[in-house]
Each structure stands twice: as C-alpha cells, then as structure tokens.
Number of protein chains: 2
Amino acid sequence: MPSTARSAPRDPGGAQRILDAAERLFAERGFDAVAVTEIAAQAGVSKANVFHHFGSKRELYVAAVRAACQQTTALLAPDGGPGEAVRTRLGRFLAGHLEHVHERAGLTRLVVRELLEPGHNGAQELAEKAFGDGFERLVSLIREGQASGELRSEADPAAAALLMIGANVFFFQSRALLPHLPGVDFADDPAAYTRAVTDLLFRGLADDASGRDE
Amino acid sequence: MPSTARSAPRDPGGAQRILDAAERLFAERGFDAVAVTEIAAQAGVSKANVFHHFGSKRELYVAAVRAACQQTTALLAPDGGPGEAVRTRLGRFLAGHLEHVHERAGLTRLVVRELLEPGHNGAQELAEKAFGDGFERLVSLIREGQASGELRSEADPAAAALLMIGANVFFFQSRALLPHLPGVDFADDPAAYTRAVTDLLFRGLADDASGRDE
DNA sequence: GTCTATACAGGGATAGAC
DNA sequence: GTCTATCCCTGTATAGAC
C-alpha cells in the first residue's frame, strides 16, 4: 500500500479523502440515503474510483465506521485514579460518556444502527470495539469500588455497567421523543438526566454503611 | 373509503394484503433490504399497485410500523392493581416488557430504527405511541409507590421509567454483543438480567425504612 | 498503479390504458 | 383498482487512458 504508506498530513490522497467524505455523509444520513456518486463528488474523485479503492459501498461503510470508532476510545473522560471516591469517578465517567455520545451523534447513530442490522457482515467486532472499551472501564471501576467496600458486593458489575451505558444510549436515541412523554423535565438537559440517573444508581450501588449524605 | 369500509375478514383486499406483506418483510430485513417488487409479489399484486395505494415506499413503511404498533399496547403484562406491592408490580412489568420486546423482535427493530432516523417524517408520533403507553404506566406506578411511601419520594419517576425501558431496549439491541463483553453471564438469560436490573433499581428506589429483605 | 469513461442490472417511481 | 410500459438514478463491473 504505497499511497497510505506515505501518510503525509497534507493532501491525504484519494483513499483517505474518500474515507473522510464517507464518514461524514454516512454519519449524517445513514447508509442508503447516501449515494456513492455523492461521496465521490465530495472527495473530488470519480465514482468508479471509489469502487477501486473499496470493493463495494458496504465495505466502504464498514471502513468508515471502523475509522470513526478508533477515535471513540480516547475521547472518554480520563479517570482520576484511586485517589478519588469511586462514586465521583463513576459520575464523571457517565457525564463524559453522555456528552461524548451527543457530541459525536453521527457516529453514535452509525454504531447503534449497526447493532440493529440482522446480519452482522463483519461490522460486529467493530461495534464491539466501540462499546467494549467503555464497558470494560466501567466494570473494573465498579469492581474496584466493591473491593474497597464503597459499593455493594452483591450487585452484578456487568449488569450495572450495561444499565449505565444503556441509559445514556437510550437517552440519546429517544431525545426527539422525550418532550412528548409525560413527566419528563430533563428532555433538553442532559446534565439533569445524568444527575437523576446517578442518584438512582448510587442509592442502588452504595453500601448500607456509606453514601447516604449526597 | 369503500374498500376498507366493508372490513370483511376474508379476502382482505389489495391494500390490506400489501400492508401485511410489508409488515412481515420490513420486520425481517429492515427498510432498504426489501424491494417493493417483493412486497407486491407476496401480496399478489403488481408493483405499481403498491404505489397507487401508498404513495411511496417510505409511506408504506410508516403505515406498516403504525399498524404493528397498534398491537403493541395491549400485549404488555396486565397490572395486578393496588392490592399488590408496587415492587412486585414493577418487577412483573419489567419482565413482561422485556419478553414482549424479544417476542416481537421485528417490530422492536422497526421502532428503534425509526427513532434513529434523522428526519422523523411523520413517524415520530407513532414511535411516541409505541413507547408512550408503557412509559405512562411505569410513571404512574412509580408515583403510586411514592405516594404510599413504598418508594423514595425524591427519585425522579420519569428518569426511573426511562432507565427501565432503556435497560430493556438496550439489552435487546446489544444481545449479539453481550457474549463478547467481559463479565457478562446473563447474555442468554433475560430472566437473570431482569433480576439483576430490578435488584439494582429497587435498592435505589426503595425507601430507607422498607425493602431490604429481598 | 492510479484514475476516467462507459455499459449494464435492478430499484423506486410515473403515465396512461383497461 | 389494477395492470403494462417506461423513466431515471444508483450500485456494480469492465475496459482502457495516463
């Protein structure tokens, strides 16, 4: 692969420009609402050239999601380390994760859409990678809290982690619905939602002895 | 509307047969993987006829989702009424909802996919209807429990309800992922997941005085 | 090797006859 | 209401120019 081997920062060269355009367009409008012609136009190449670099539209799609996912991992809020209370660290993680999910709304849509696909044509390990990282961090954080006695040891760490990530993702994907649901006053206030969720979760995770003073 | 006015149970007549075929095919394979030609064939009519009854493929899709959603509401587990503990009723609701989400996997996929669509072309009120019903029941159930002192009154009922429904939906849509995530032992056991979630949630919702004996 | 030009198949959608 | 015929666009494949 001579073209990418140079990896020059300027003038990314055909394939890279195609990938960039594809990532942007797919994130905006999904898979089928985007024509390869359009991607080619925005990348400044011809349509056939797209098929030359990536074998098919589907492969290009997978490549775009994969590229986007590689940036996901690093964007999560850093952890303060064992000096802080697990409760604080979990709260910051949740808030950061929710913010990240909304900031990169296009990517989030892509990944969730990929999850719903009946036949995971090679893009599954990918979504796995997208979620897996945050998930692992959460689980180990919870386990840490359980080991130190700050959190209830009977709670299932994996279930708790899934609940947290799911809370954020589901909030994201039902945003448009929330204003029309009764009793929802956090529709346009992610911070308020995170506060409510952490409140609910910590009262559930906190050991009897600790954590009743916030 | 002379054709539907008869509403004869036999020989549903063109439009209805098209709708049935569309609902089945869309639920199985999603929007774009289905060709109008295929729907027409299964309905026993010509392609152009489909466009005559429903203006476009998209409109047909919306009509199919709407038709499917009308059955959703009634399928949720019935409520035992104020004779039972709110905790029991909530637990049963959650289990029933999760089961329903999986039983009608095709419909669930349709609705969730619809949520992700950037421009909600008239299908929003629909998804709203699909979720809104269960959501309202959950919120009022939680409020009831708060009024009776069984649940913490400071908790946000809407946030709790969203968390519960989100937990189920997210579990559904990440099923394929779960076996590859570390520490997950409920991947193929929805009942175990529901148990873990309710455990987490009730310790968070239960008032200090009550609910520490299960 | 890298790109362009062109040809083909299949999909959604329309017009108009019965 | 239903069909036949047709249009245009898109994904895909191939042939060939630099």
Side-chain angles (χ1 to χ4, degrees), chain A residues 1-8 10-26 28-65 110 113 117-119 121-123, chain B residues 1-8 10-26 28-65 113 117 119 121-123:
Chain A
M1 47 290 283
S3 66
T4 57
R6 295 163 54 211
S7 74
R10 294 164 166 260
D11 184 20
Q16 187 59 44
R17 287 206 314 274
I18 294 172
L19 206 58
D20 290 343
E23 182 181 337
R24 184 158 22 94
L25 286 172
F26 282 142
E28 275 173 13
R29 309 209 295 265
F31 181 73
D32 8 80
V34 173
V36 175
T37 312
E38 213 174 346
I39 298 174
Q42 290 216 6
V45 298
S46 90
K47 180 170 67 165
N49 195 359
V50 174
F51 288 96
H52 176 255
H53 283 292
F54 310 84
S56 71
K57 185 187 180 184
R58 177 81 200 166
E59 284 179 74
L60 171 58
Y61 180 75
V62 171
V65 180
L110 285 194
R113 221 186 296 251
E117 214 73 20
N121 301 330
Chain B
M1 50 289 281
S3 67
T4 57
R6 292 164 55 211
S7 73
R10 294 164 165 258
D11 185 21
Q16 187 59 44
R17 288 205 314 273
I18 294 172
L19 205 57
D20 289 344
E23 183 181 335
R24 183 160 20 95
L25 286 172
F26 282 142
E28 275 173 13
R29 310 211 294 265
F31 182 73
D32 7 81
V34 173
V36 175
T37 311
E38 211 173 347
I39 298 174
Q42 291 217 5
V45 298
S46 92
K47 180 168 66 164
N49 197 356
V50 173
F51 287 97
H52 176 255
H53 284 292
F54 310 85
S56 70
K57 184 187 181 184
R58 176 82 201 165
E59 284 179 76
L60 171 58
Y61 180 75
V62 171
V65 180
R113 222 186 294 253
E117 214 71 20
N121 300 330

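Chain identifiers are assigned alphabetically (A, B, ...) following the order of the sequence lines, protein sequences preceding nucleic acid strands; residue numbering begins at 1 within each chain. This one's a predicted model, so the numbers in the text were calculated from it and none came from an experiment. When reading the values below, keep in mind they use all heavy atoms of this one structure, side chains included, and skip hydrogens, waters and symmetry mates.
At its two ends the helix from dG1(C)-dC18(D) to dC18(C)-dG1(D) runs along axes set 10° apart, each axis drawn from five pairs and the angle rounded to 10°.
Distance alone, capped at 3.5 Å, places no donor-acceptor pair between the K47(A) side chain and the A35(A) backbone.
Atom CG in L60(B) sits about 10 Å away from atom P in dA13(C), given to the nearest Å.
Taking the six-membered ring where the residue is Trp, F31(B) and F26(B) present parallel rings, their angle staying beneath 30° rather than reaching 60°.
Between I39(A) and A21(A), the closest heavy-atom pair is O-CB, 3.9 Å. Between H53(B) and I18(B), the shortest heavy-atom distance links the atoms CD2-CD1, 3.9 Å. The minimum heavy-atom distance linking V34(A) with R29(A) is given by the pair CG2-CB, 4.1 Å.
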Would you check, one step at a time, whether the test side chain to side chain contact (heavy atoms under 4.5 Å, CB included) holds for L19(A) with F54(A)?
CA-CA 9 Å; L19(A) 206 58; F54(A) 310 84; 3.9 Å; yes
Summary of protein contacts for nucleotides 2-11 of chain D, nucleotide by nucleotide, where a base hit scores B, a sugar-phosphate-only hit scores S (4.0 Å, heavy atoms):
BBB------B
